[in-house]
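Any value given below was found using the heavy atoms of this structure, including those in side chains, with hydrogens, waters and symmetry copies removed. Both counts, for ligands and for their atoms, begin at 1 and track the order of listing.
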Amino acid sequence: MRPTYAEIDLGAIRHNVAVFKDLLAPSELCVVVKADAYGHGDAPVAEAAMDSGASSLAVALLEEGIRLREAEIETPIIVLSEPDPRDAIEVAKWGLTPTVYTPGFVDALAETGVGFDLHVKVDTGMHRVGVAPSGLGELMSTIGDNPNLRVAALWTHFPVADEDADFTRRQIQLFEDTIDGYDVPMVHLANTAGAVLFPEARRSLARVGLGTYGLHPNDETRSVIELRPAMRIVSHVSHIQRLGAGSRPSYGRIRALSHDSTVATVPIGYADGYPRRLSQEGTALIGGEPYPLAGTVTMDQIVVDVGDADVGVGDEVVLLGRQGDSEISADDWARALGTISYEIVCGIGPRVPRRYVE
Ligand SMILES: Cc1ncc(COP(=O)(O)O)c(C=O)c1O
C-alpha cells in the first residue's frame, strides 16, 4: 500500500485534554470533535478525550453525532447548530443534545413527543447562528410552554477571543446581562482561546477544539499552556533521480535547479490535502533536515530537492510534524498559505489513512 499516512498521537490528545481539565477545574471540559475531530478521526479522539476526563463532546452536524453513536460513544454529545427541523426525531433517536435558537426548531422538537435537554444559544456578536439577546425571553417562554422541553444550558460563542480582548469582554458582559435571572443548570461561552485567556468565561464548561489537537490559537495561549501537536503527516521516498543544473521538475516546469541535485519523489499530493499552493514554499523533512520542494505539487506526488544528501527510496519523509530535531508545524503551513492551522488539519483528506499511536 502507499506509504503515506497521518500519524495521530493519542498520547498527545490525552495530554492536551488533561492540560485543559486542570486549567478549567472545577469547570468541565467539552471536547469539540466536529469535522472528524479536526481531521484527526472522531471516534478514537472521542474515546481518548473521555478517558482523560472530558465530560461531553460537541459536533457541528447531526450526521457527526450519529457517527459517534454508531461507534458506540455514549457520552453526552452537543450538536452546535440546529439541524433541519424535519430531522428533529433523529436527534431524539440518537440521544443527542440539541442546540436551539429558533421557535421553529423548538416546535419541531416538541412535536416529537420526546423529552429533551436543550442548550439555548444566544448570539452576542458572532452573528452566525443564535437567538439575539432581545429575543431570548420569547424563546424561553416558547420552550417553557412545552412540558417535554427543559433548558439545560444557555451559551454563546466568541469570534475573536484570540484577537480582540475588548470585544470579547463586552460579549461576556452582554451574555451575563442577557441571561441574568434565568436559573439554568449550565452556562458556557469559551472556545480554546476563550478558555485560556478569559478565566471569567470558563463558567460551567468550555468547548475546546483546537487545543485538544495541540494547536494554539495565538502566541498568547502558547505562553500559558504547553500542548503537544497530535498530527504528523508521514510518507516515504518512492523514487530518486539525479538531475542536472537547469532541470525543471514537475508540471509547469516552474523552477530550474541551480545545481546538479538529487530529487526525491514522495507519494502525496493535493488530492490528499497537501496544497498545491505550497509548491513555492513547501518543505519536507528527511533524515531530520528540511528540504525545499523542487517544483509544483501534483495530485498524487511531490518532488523534493535534497541536493547532495544521501537519500534513498524508502526513507521517511515528514511533511507536517516533527522528525528528529526539526519540525514543520500546522502554523508554518498556515503562514505560507495565508490561512489558519484549523484549515490545515481539517484539510487532510480521506485518502490519507489515519494511524493511531500512543
Ligand atoms: C460553537 C463552537 N464552539 C467551540 C468551538 C471550538 O473552537 P476552538 O477550536 O477554537 O476551540 C467551535 C469551533 O469552531 C464552535 O463552532
Side-chain angles (χ1 to χ4, degrees), residues 12-13 16-17 19-21 23-24 27-40 42 45-46 49 54-65 76-83 96-101 118-131 153-165 167-168 171-172 175 186-199 201-222 224-225 227-231 330-331 334 339-347:
I13 300 275
N16 301 330
V17 168
V19 166
F20 279 97
K21 263 290 277 178
L23 178 83
L24 292 169
S27 303
E28 293 186 355
L29 172 62
C30 169
V31 168
V32 180
V33 293
K34 60 184 178 159
D36 201 20
Y38 292 36
H40 293 68
D42 53 7
V45 167
S55 56
S56 60
L57 303 167
V59 294
L61 313 180
L62 180 55
E63 293 86 324
E64 293 172 340
I77 300 174
I78 306 168
V79 183
L80 294 168
S81 293
E82 291 180 351
L96 303 171
T97 303
T99 289
V100 302
Y101 37 83
L118 310 179
H119 286 221
V120 177
K121 179 168 190 192
V122 184
D123 177 13
T124 56
M126 175 75 181
H127 300 326
R128 181 172 62 175
V129 293
V131 61
L154 287 164
W155 70 281
T156 195
H157 188 45
F158 298 143
V160 282
D162 54 341
E163 285 177 323
D164 187 338
F167 185 87
T168 305
Q171 266 193 289
I172 295 170
F175 182 67
M186 281 187 288
V187 165
H188 52 101
L189 304 86
N191 53 1
T192 299
V196 179
L197 303 176
F198 298 87
R202 291 176 192 158
R203 301 291 253 117
S204 320
L205 62 86
R207 306 176 310 273
V208 174
L210 194 71
T212 305
Y213 308 104
L215 303 174
H216 281 274
N218 66 14
D219 284 340
E220 218 183 320
T221 62
R222 225 176 277 281
V224 182
I225 47 171
L227 300 173
R228 284 168 38 194
M231 182 187 283
D331 285 316
T339 185
I340 51 176
S341 58
Y342 296 74
E343 191 181 1
I344 303 306
V345 286
C346 289

For the backbone of [Y] and the side chain of [X], can you confirm whether one donor and one acceptor N or O come within less than 3.5 Å of each other?
{"X": "Q171", "Y": "H157", "result": "yes"}
{"X": "Y342", "Y": "L210", "result": "no"}
{"X": "N16", "Y": "R228", "result": "yes"}
{"X": "D162", "Y": "N218", "result": "no"}
{"X": "R207", "Y": "L189", "result": "yes"}
{"X": "R202", "Y": "A195", "result": "yes"}

Please state which protein non-hydrogen atom is closest to [atom] and give its distance, to 0.1 Å?
{"atom": "atom 11 (O) of ligand 1", "value": "T192 OG1, 2.5 Å"}
{"atom": "atom 14 (O) of ligand 1", "value": "K34 NZ, 2.9 Å"}
{"atom": "atom 7 (O) of ligand 1", "value": "N191 CB, 3.4 Å"}

Against heavy atoms of [X], which atoms of ligand 1 measure under 4.0 Å?
{"X": "Y38", "answer": "6 (C), 7 (O), 8 (P), 9 (O), 13 (C)"}
{"X": "L210", "answer": "8 (P), 9 (O), 11 (O)"}
{"X": "G209", "answer": "6 (C), 8 (P), 9 (O), 11 (O)"}
{"X": "H157", "answer": "1 (C), 2 (C), 3 (N), 4 (C), 5 (C), 12 (C), 15 (C), 16 (O)"}

Candidate with minimal heavy-atom separation from atom 10 (O) of ligand 1, of W155, F158, Y342: Y342
Would you say R128 touches ligand 1, if touching means a heavy atom closer than 4.0 Å? yes
For Y213, is the nearest heavy atom under 4.0 Å from an atom of ligand 1? no
Give the ring-plane orientation class for F198 versus F158, where under 30° counts as parallel, over 60° as perpendicular and anything between as tilted. tilted
Does an N or O anywhere in R207 fall below 3.5 Å from an N or O of ligand 1? yes
Determine whether T192 and Y213 satisfy the following criterion, side-chain contact (heavy atoms from CB on, under 4.5 Å), listing intermediate values before the conclusion. CA-CA 11 Å; T192 299; Y213 308 104; over 6 Å; no
